[in-house]
J.: 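I have a structure I would like to understand better, so I am pasting it below and will then ask my questions one at a time.
Note that these values count all heavy atoms, side chains included, but never hydrogens, waters or copies made by symmetry.
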Amino acid sequence: MFRSVLIVCHANVCRSPAAEMLFRAYAGKLAGKDARRPIEFRSAGLFAKEGRDIDPTMYRLLAERDVDPSGHSARRLDESMARAAELILVPERKQIAAIEQM
């Protein structure tokens with residue numbers, strides 16, 4: 001079982017933070033049923049501008065699903081983040097190559 005999952009997209013303001021938050025929310029619901037160590041979910045962007053807020057539309061969509069998107073701050077992927085993750089999820093094939101080159 002993976003304990004450290006990193007979701008990577010382009011800018012870390014839509015897809016990857018939404019996946020991070022949705023996975024975390026779902027894992028939190030399962031936590032009551034499973035006493036094992038929780039999975040750590042993080043997200044980053046290959047070309048993220050550090051500190052950017054989540055996209056307003058994504059903010060609204062997450063909030064509609066009772067997921068609190070406040071406090072998100074975009075992070076640019078670096079080698080240490082990639083190496084620390086046991087599993088890296090990406091939405092596009094070309095992003096796999098970029099991460100592998102890192």
Side-chain angles (χ1 to χ4, degrees):
M1 174 64 100
F2 297 106
R3 294 290 166 212
S4 175
V5 178
L6 177 65
I7 303 104
V8 177
C9 71
H10 184 82
N12 194 225
V13 293
C14 283
R15 296 175 293 182
S16 61
E20 171 191 2
M21 292 173 200
L22 290 168
F23 279 132
R24 190 179 293 133
Y26 182 71
K29 289 177 183 176
L30 292 179
K33 301 175 185 175
D34 188 351
R36 291 181 288 180
R37 187 169 55 105
I39 300 170
E40 176 186 321
F41 295 98
R42 298 188 70 203
S43 65
L46 288 166
F47 304 100
K49 293 181 181 174
E50 293 280 338
R52 278 189 65 199
D53 291 335
I54 196 165
D55 176 81
T57 301
M58 188 57 68
Y59 188 103
R60 180 182 52 79
L61 291 171
L62 288 166
E64 287 174 1
R65 286 159 182 79
D66 296 323
V67 174
D68 181 10
S70 64
H72 174 74
S73 182
R75 294 175 292 270
R76 177 171 265 184
L77 179 67
D78 63 30
E79 184 178 343
S80 66
M81 293 168 86
R83 290 191 179 278
E86 293 180 63
L87 175 66
I88 300 175
L89 303 174
V90 297
E92 298 179 31
R93 287 187 187 272
K94 65 183 176 184
Q95 292 166 339
I96 296 170
I99 294 167
E100 287 174 339
Q101 287 180 347
M102 186 178 283

J.: Taking Glu86 for its side chain and Arg3 for its backbone only, find out whether a donor-acceptor pair lies under 3.5 Å.
T.: yes
J.: Are any side-chain N or O atoms of Arg60 and backbone N or O atoms of Pro56, one a donor and one an acceptor, separated by less than 3.5 Å?
T.: no
J.: Before giving the answer on side chain to side chain contact (heavy atoms under 4.5 Å, CB included), spell out for Val5 and Phe23 the whole-Å C-alpha distance, their side-chain angles and the decisive distance to 0.1 Å.
T.: CA-CA 10 Å; Val5 178; Phe23 279 132; 5.6 Å; no
J.: Please tell me if the side chains of Arg76 and Met81 come closer than 4.5 Å, counting only heavy atoms from C-beta onward.
T.: no
J.: How close do Gly51 and Ser73 get, counting heavy atoms only, and between which atoms?
T.: CA-OG, 3.1 Å
J.: Quick check: is Val8 connected to Met102 through a chain of hydrophobic side chains (ILVMFWY, heavy atoms under 4.5 Å apart)?
T.: yes
J.: Does Leu22 belong to the same Ile/Leu/Val/Met/Phe/Trp/Tyr cluster as Met58, with side-chain heavy atoms less than 4.5 Å apart forming each link?
T.: yes
J.: Over all heavy atoms of both residues, which pair between Met21 and Leu62 is shortest? Give the atoms and the distance, please.
T.: SD-CD1, 3.8 Å
J.: Does Ala11 have any side chain to side chain contact (heavy atoms under 4.5 Å, CB included) partners at least two apart in sequence or in another chain, and if so, which?
T.: Val13
J.: Report whether Leu77 and Ile96 are members of the same hydrophobic cluster (ILVMFWY, side-chain heavy atoms less than 4.5 Å apart, transitive linking).
T.: yes
J.: Donor-acceptor pair, distance only, cut-off 3.5 Å: does the side chain of Asn12 make one with the backbone of Arg75?
T.: yes
J.: To the nearest 0.5 Å, tell me how far Arg42 CZ sits from Ile88 CD1.
T.: 11.5 Å
J.: Verify the cluster assignment for Ile99 and Leu89: are they in a single hydrophobic cluster under the rule of side-chain heavy atoms below 4.5 Å apart?
T.: no
J.: Any donor and acceptor pair, going by atom type alone, linking the side chain of Arg24 with main-chain N or O of Phe41 inside 3.5 Å?
T.: yes
J.: Under the side chain to side chain contact (heavy atoms under 4.5 Å, CB included) rule, collect the residues that match up with Asp53, sequence neighbours excluded.
T.: none
J.: Please give me the minimum heavy-atom distance between Phe2 and Ile39, naming the atom from each residue.
T.: O-CG1, 3.4 Å
J.: Over all heavy atoms of both residues, which pair between Gln95 and Cys9 is shortest? Give the atoms and the distance, please.
T.: NE2-C, 3.6 Å
J.: Flag yes if Phe47 and Leu6 sit in one hydrophobic cluster, no otherwise; membership is Ile, Leu, Val, Met, Phe, Trp, Tyr, and two members link when side-chain heavy atoms are under 4.5 Å apart.
T.: yes
J.: Identify the two heavy atoms, one from Ser16 and one from Ala44, that lie closest to each other, and give their separation to 0.1 Å.
T.: OG-O, 3.5 Å
